[in-house]
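Taking it in order: structure first as structure tokens, then the write-up.
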There are 2 protein chains.
Amino acid sequence: MIVEPSTEQIIKEAAKKIFVRKGFAGARMQEIAEEAGINKALLHYYYRSKEKLFEGIFSEIFDHMIGQLKQSVTTDKPLIQKIEDFVDRYISTIEQNPYIPLFIVNEIAQNPDRFVEKIKSKQVFPELAGFFQQMLGEMERGNIREIPPLHLFLNILGLCAFPFIAKPMVKAVSGMDEDTWEMLMKDRKKEVKTFIRRALMA
Amino acid sequence: MIVEPSTEQIIKEAAKKIFVRKGFAGARMQEIAEEAGINKALLHYYYRSKEKLFEGIFSEIFDHMIGQLKQSVTTDKPLIQKIEDFVDRYISTIEQNPYIPLFIVNEIAQNPDRFVEKIKSKQVFPELAGFFQQMLGEMERGNIREIPPLHLFLNILGLCAFPFIAKPMVKAVSGMDEDTWEMLMKDRKKEVKTFIRRALMA
DNA sequence: GTCTATAATTTGATAGAC
DNA sequence: GTCTATCAAATTATAGAC
């Protein structure tokens, strides 16, 4: 049974697409309306303002990413496998939404205060603390090499997310075409996992 | 002998500051004028339009970064030392201009075509090709472990740049204050170099 | 060169008919 | 709910005096 999407849903999808590509400052209500196949007035009928529309979109996207992030970290597996699950899941998520990481990082940078409160309520820190404890435990037991957990976490995030954040720059600088890029990314999960494993294993 | 900066130079500095923080779409000519301590009309007197002003700023910043990048890669040193020099230099450069990486990546993402031509003239690819050849050589000789050069290069770039690109997000998510962040970054060069060395050495 | 004042354009938001 | 028409504010750009 196929339900056709409500106007509200159509607007949300259109807004998501435009906001994610152009950012809040660069997005135009007119463009969102066109993308949705309606007019500007209707945008304001459903959402009172550009600000409110954006707020809804951003929350949805951010919650989804945080949710993904938590899932891999919360399981009961041994550290190395947990890290590799994290890499697989995180890169898969990004591959499906390649513009998202740059979008999130950018909007928070533009307006950090707006998000501090929202994020606190997400309670991601306890999960991370557990993850870090597990790292420290493995180091004490000599199973992995010494490295401050936060640096290791930054390394993992960076190895996963950076290529997608920097893709337009890398392609421009190297003159790489889209096919070559895709071939490169096809191996990315494997290469990242190998790189991390080598760095951690004594 | 101290020469006081010309109005043109003052404008350029002000514009750089505002553009880098807000991006092209988010920056306002009024704000740039205020930052420079002049009025909007004078901006248009020296640079014809917002677009032209931005173009000049971006080129200068981008050229500087590419120049830094090339320097470390072009020397005659052994690979591992070349990589470690690169990390030191790159992170130092970023620390002095923490907003630059996100700015560059973002503006290229917004308007890739604008830069393809400009970048080609920079001839960064030959230098990179030499760097990659050196990597392959070291792998053949068994001095470092096997890894596709482009992946290794992405890893190095990501490990250096990502923390600064994601700083606002990381701080927001973890509730970290500025002092703690600075303590973390104080060790960043060392941690990155160690991580890479471990991953490469058999 | 630098300013004030203002034009021209873009853009978010609303009024009101259907 | 959806549209057309229009307003109000913001923003880039220019004219013209000094």
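The chains referred to below are lettered A, B, ... by the order of the sequence lines, with proteins before strands, and numbering in each begins at 1. These values consider heavy atoms only, across backbone and side chains, with no hydrogens, waters or symmetry-generated copies.
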Worksheet item: When A:Ile100 is tested against each of A:Ile61, A:Val105, A:Ile94, A:Ile165 for side-chain contact (heavy atoms from CB on, under 4.5 Å), which residue passes?
Response: A:Ile61
Response to the item:
Between CD of A:Glu51 and C1' of C:dT11 the distance, given in whole Å, is 15 Å
Practice prompt. Using atom OH of A:Tyr47 as one end and atom C1' of C:dG12 as the other, report the distance to the nearest whole Å.
Written response: 17 Å
Discussion item. Just to verify, what does B:Ile147 make a side-chain contact (heavy atoms from CB on, under 4.5 Å) with, not counting sequence neighbours?
Written reply: A:Glu191, A:Phe195, A:Arg198, B:Met139, B:His151, B:Leu152, B:Asn155, B:Leu200
Fill in: Test side-chain contact (heavy atoms from CB on, under 4.5 Å) applied to A:Leu69 - qualifying residues, sequence neighbours left out
A:Phe86, A:Phe153
Worksheet item: Can you find a heavy atom in the side chain of B:Glu51 that is under 4.5 Å from one in the side chain of B:Phe24?
Response: yes
Worksheet item: Which residues satisfy the ring-ring contact (aromatic ring centres under 6.0 Å, His included) test with B:Tyr47, sequence neighbours excluded?
Response: none
Worksheet item: Among residues 27-46 of chain A, which contact DNA chain C at a heavy-atom distance under 4.0 Å?
Response: A:Ala27, A:Arg28, A:Met29, A:Lys40, A:Ala41, A:His44
Practice prompt. Would you please say whether a donor-acceptor pair under 3.5 Å links the side chains of A:Gln134 and A:Lys82?
Written response: yes
Worksheet item: How about B:Lys17: does its NZ atom have over 12 heavy atoms from other parts shown lying under 6.0 Å from it?
Response: no
Worksheet item: What do you reckon, is CD of A:Glu182 surrounded by more than 12 foreign heavy atoms closer than 6.0 Å?
Response: yes
Worksheet entry | Centroid-centroid under 6.0 Å between A:Tyr99 and A:Phe103 rings | no
Discussion item. Tell me if the aromatic rings of B:Phe54 and B:Phe19 count as close, with their centers under 6.0 Å from one another.
Written reply: yes
Discussion item. So if I take residues 9-22 of chain B and measure heavy-atom distances to DNA chain D, which residues fall below 4.0 Å?
Written reply: none
Discussion item. Reading DNA chain D in the 5' to 3' direction, which nucleotide is the first one with an atom under 4.0 Å from a heavy atom of chain B, and which is the last?
Written reply: D:dT11 to D:dA15
